[in-house]
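Single-structure report; data block below.
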Amino acid sequence: MSSFSTLTSFNTNTALNALSNAKSKLPSLQERSHTAATDFEAVFLNQMMSQMFTSVDGEGPLGGEGSGGVWRSFLTDEYAKSFARSGGIGIADQVYRQLIETQEANQTATAPQAGPANPAGPANPATPTMEKHS
């Protein structure tokens, strides 16, 4: 075997190993769906708490006028994230189940089927996938 083919074989194997390692570090569909569902619940809880705190007035670091409102929004955001990570109020579980069901339905609809070709294409090509974009 020539040195060029040995080098090429080594580079190909190294590249394949690196690709395999990178793929194994990517979050799975279930992990991404769970994260998206938890984030959704945190946003919902933040909106609820923001409305709840609008009627809170008074003195102190988060009361009254001025910058207190900004700090209060940071506080409600952290409360919402903490509640959602701790199990929340059940919204994330339902959203997660719906995301998984939708993904499975989309995968089934787009999977190649045995038998005659379907000239019309998939059942509903306009159905979006539920992938989180960063």
Side-chain angles (χ1 to χ4, degrees):
M1 191 185 266
S2 72
S3 62
F4 177 74
S5 61
T6 303
L7 182 60
T8 304
S9 174
F10 174 75
N11 286 340
T12 303
N13 289 335
T14 303
L16 289 174
N17 288 337
L19 181 61
S20 176
N21 289 338
K23 279 180 128 179
S24 68
K25 291 180 183 177
L26 289 175
S28 69
L29 177 63
Q30 287 81 13
E31 290 170 339
R32 291 186 315 215
S33 296
H34 187 267
T35 300
T38 303
D39 290 347
F40 177 82
E41 183 167 10
V43 168
F44 176 80
L45 289 170
N46 186 16
Q47 290 297 312
M48 296 284 291
M49 286 184 212
S50 294
Q51 291 300 313
M52 182 180 72
F53 279 113
T54 58
S55 64
V56 174
D57 250 350
E59 295 182 20
L62 300 178
E65 302 285 326
S67 64
V70 174
W71 293 110
R72 187 179 302 146
S73 71
F74 290 147
L75 180 64
T76 57
D77 189 42
E78 288 304 314
Y79 279 159
K81 288 177 186 175
S82 176
F83 288 175
R85 282 191 303 261
S86 299
I89 58 175
I91 294 173
D93 295 333
Q94 293 183 14
V95 170
Y96 172 75
R97 281 194 296 272
Q98 188 63 45
L99 287 173
I100 295 300
E101 287 175 16
T102 303
Q103 280 292 335
E104 288 173 353
N106 285 342
Q107 289 174 354
T108 302
T110 59
Q113 299 176 1
N118 182 1
N124 188 359
T127 304
T129 59
M130 295 293 183
E131 300 218 9
K132 184 178 177 184
H133 299 283
S134 43

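Along the sequence shown, the residues carry numbers beginning at 1. Just so it is clear, the model here is predicted, and its values are computed rather than measured.
For the pair S73/D77, no side-chain contact is recorded, criterion being any heavy-atom separation below 4.5 Å from C-beta on.
Nearest heavy atom pair, residue N106 against residue T110, reads O-OG1, 2.9 Å. The minimum heavy-atom distance between A37 and A92, with the atom names listed, is CB-O, 3.3 Å. Scanning both residues, A80 and A42, for their nearest heavy atoms gives CB-O, 3.3 Å.
The hydrophobic cluster containing V43 does not contain L45, counting ILVMFWY residues as joined when their side-chain heavy atoms lie under 4.5 angstrom apart, directly or transitively. M49 and F44 fall within a single hydrophobic cluster, where Ile, Leu, Val, Met, Phe, Trp and Tyr side chains are chained together by heavy-atom contacts under 4.5 Å. At a threshold of 4.5 Å between side-chain heavy atoms, the hydrophobic network of Ile, Leu, Val, Met, Phe, Trp and Tyr places F83 and F40 in one connected group.
In this structure, T35 OG1 and Q30 CD are separated by 11.5 Å, a value rounded to the nearest 0.5 Å. Atom CE in M48 sits 12.5 Å away from atom OG1 in T76 (nearest 0.5 Å).
In this structure a side-chain-to-backbone donor-acceptor pair under 3.5 Å is present from E31 to S28. Using modelled atom types, one side-chain atom of E41 and one backbone atom of I89 make a donor-acceptor pair closer than 3.5 Å.
Of the candidates T38, T102, V95, L99, L99 is the only one forming a side chain to side chain contact (heavy atoms under 4.5 Å, CB included) with S33.
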**Stepwise side-chain contact (heavy atoms from CB on, under 4.5 Å) test for Q94 and Q98** = CA-CA 6 Å; Q94 293 183 14; Q98 188 63 45; over 6 Å; no
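Every salt bridge (charged side-chain N to carboxylate O under 4.0 Å, His left out) that E78 has, sequence neighbours left out, goes to K81.
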